[in-house]
Amino acid sequence: MTSVTIDLSDSQFQKLQDLASVHGIAIEVLLKASLEDWLNSQKSEFVNAANYVLTKNAELYRRLA
């Protein structure tokens, strides 16, 4: 497992602390879950964009083949 260290302002840290407290979880758990969600959404957006381009240009690809 790899660790990452980031610098946060006091206000950013306080916001994270408050949000984690509202959900009753540790800041580390909140950050890990948020990062996983973000990474998954980025992958999904890329796949959707790639599918759109491939579908849109399918006829051109058939002609070039």
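When a residue number appears, it is its place in the shown sequence, counting from 1.
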Item to check | Leu8-Leu30 co-clustered via ILVMFWY side chain contacts under 4.5 Å | outcome: yes

Checklist entry - Shared ILVMFWY cluster between Trp38 and Ile25, side chains joined below 4.5 angstrom? => result no

Next on the checklist: Check this for me: does any side-chain nitrogen of one of Glu28 and Lys32 sit under 4.0 Å from a carboxylate oxygen of the other?
Outcome noted: no

Item to check | Nearest non-hydrogen partners of Leu16 and Ile27, listed with the distance | outcome: O-CG1, 4.1 Å

Checklist outcome for this item: Output for pair (Ile6 CD1, Gln12 CD), nearest 0.5 Å, gives 8.0 Å

Checklist entry - Does one side chain, of Glu36 or Asn40, offer a donor that lies under 3.5 Å from an acceptor on the other? => result no

Checklist entry - Do the non-hydrogen side-chain atoms of Asp10 and Phe13 ever get within less than 4.5 Å of each other? => result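 Side-chain contact under 4.5 Å: no.
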
